[in-house]
Amino acid sequence: MNLINLSVAARRLGFDACGVAPVDVLTGEKEALLRWIEKGFHAGMGYMARNVEKRENPALLVEGARSVIVTLTNYYTPRQQEKSVPVVARYAYGKDYHIVLKERLFRLLAFLKEMSGRDVRGRCFVDSAPVFEHEWARRAGLGWIGRNTLLVNPRLGSYCFIGVIISDLEFSSYSQPEERDFCGTCRRCVEACPTGALSPHEVNANLCISYNTIEQKGEIPLAVKEKMGQRFFGCDACQEACPWNGKAVLHHVGEFQPNEWLMRMNREDWLELDEATFETRFKDSPLSRPGLEQIKRNLSQPPLL
Ligand code: SF4
Ligand code: SF4
């Protein structure tokens, strides 16, 4: 398989960047993950401690795996929610990225199968399987892993979704891994984190607003509650602070157009919302994952308006 054909196909399907790395066993990353888990920084994300071997070795996810294709899809928009309405992370403005990207990855895999003329074994992943997406993206030449733990692409910044295809396809050449780190002496993301959850290259999920408002099912700890401000779904503080996002440009994915309800609903609108209306307005939105009940829990946390 040819790297140029892959790039052209990925562009046609609307991906903003694409690269490919040869399969490898990510022992260093696994060890770092285990140290993070040992500190309890994964909080209630028990799934992070499961399937560690599969995360380390892609051949345990796809038999005979030879390559890891990685795509980036920009989701940035300069548009912001109306002033004084409860705030969601930008990635949740439009349709759920899992749905949008999975469909595109399936089409890319179908193209590769057709090109190769054989029955390719492959699987598509979007943030829902034990895969070290950021490290694979770095190895596929798509950027470096910033102090905010996110992949930073020098052209696109960090407001990007990562999609991965692990397959048994071999390529005639592979992307050049990004060995440089353009964070330099910058620590803006660490300083901008409202709760102190972020230290360089490491997030303590127990304190992270994103984890607590989306994944955590119990009560939000007071230390987090007090620092949430108007956020009620996710947190972009460690991305907003990053100078590499200063030149981020508007995405070109129709499905990511902001949900107009989300842009203007105030706190009272949210608290008075019933399940049926929520379903109508936010079906296929990332907000449907935690559901209305949890959203109301987040909104009832002081010091929101
Ligand atoms: S998402 Fe927010 S709370 Fe979590 S590490 Fe980043 S800045 Fe801190
Ligand atoms: S804010 Fe600075 S340190 Fe953090 S990811 Fe961006 S460049 Fe790196």
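As the structure is a computational prediction, the values presented were derived from the model and not from experiment. Counting starts at 1 for both ligands and their atoms, in listed order.
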Residue Pro243 vicinity, atoms of ligand 2 by number, heavy atom under 4.0 Å: 1 (S)

Nearest non-hydrogen protein atom, atom 2 (Fe) of ligand 1: Cys235 SG, 2.3 Å

What's the spacing between Leu273 CG and Glu275 CD if we round to 0.5 Å? 8.0 Å

For ligand 1, which atoms have a heavy atom of Cys193 less than 4.0 angstrom away? 3 (S), 5 (S), 7 (S), 8 (Fe)

Please name the pair of heavy atoms, one in Leu156 and one in Ala17, separated by the smallest distance, quoted to 0.1 Å. CD1-CB, 4.3 Å

Under 4.0 Å from any heavy atom of Pro194, which atoms of ligand 1 are there? 7 (S)

Would you say the side chains of Ser67 and Glu170 form a donor-acceptor pair under 3.5 Å? no

What is the closest protein heavy atom to atom 7 (S) of ligand 2, and at what distance does it sit? Trp244 CD1, 3.5 Å

I'd like to check which ligand 1 atoms, numbered from 1 as shown, lie under 4.0 Å from a non-hydrogen atom of Cys238. 1 (S), 6 (Fe), 7 (S)

Aromatic ring proximity Tyr97/Phe161, centre distance under 6.0 Å: yes

Checking Glu240 against Tyr159: is there a side-chain donor and acceptor pair closer than 3.5 Å? no

In ligand 1, which numbered atoms sit nearer than 4.0 Å to a non-hydrogen atom of Ala237? 7 (S)

Please identify which atoms of ligand 2 are closer than 4.0 Å to at least one heavy atom of Asn148. 5 (S)

Nearest protein heavy atom to atom 8 (Fe) of ligand 2, by residue and atom, and its distance? Cys183 SG, 2.3 Å

Could you check whether Arg139 makes a cation-pi contact with Trp136, meaning its NZ or CZ is under 6.0 Å from the centre of the six-membered ring and within 45° of the ring axis? yes

Among all the protein's non-hydrogen atoms, which is closest to atom 6 (Fe) of ligand 2, and how far away is it? Cys242 SG, 2.4 Å

Would you mind finding which of Ala192, Cys186, Ser158, Gly184 brings a heavy atom closest to atom 3 (S) of ligand 2? Cys186

Look only at the side chain of Arg90 and the backbone of Thr77, and say whether a donor-acceptor pair between them is shorter than 3.5 Å. yes

Atom 4 (Fe) of ligand 2 sits nearest the protein heavy atom Cys189 SG, 2.3 Å

Ser158 and Asn245 side chains, donor-acceptor separation under 3.5 Å: yes

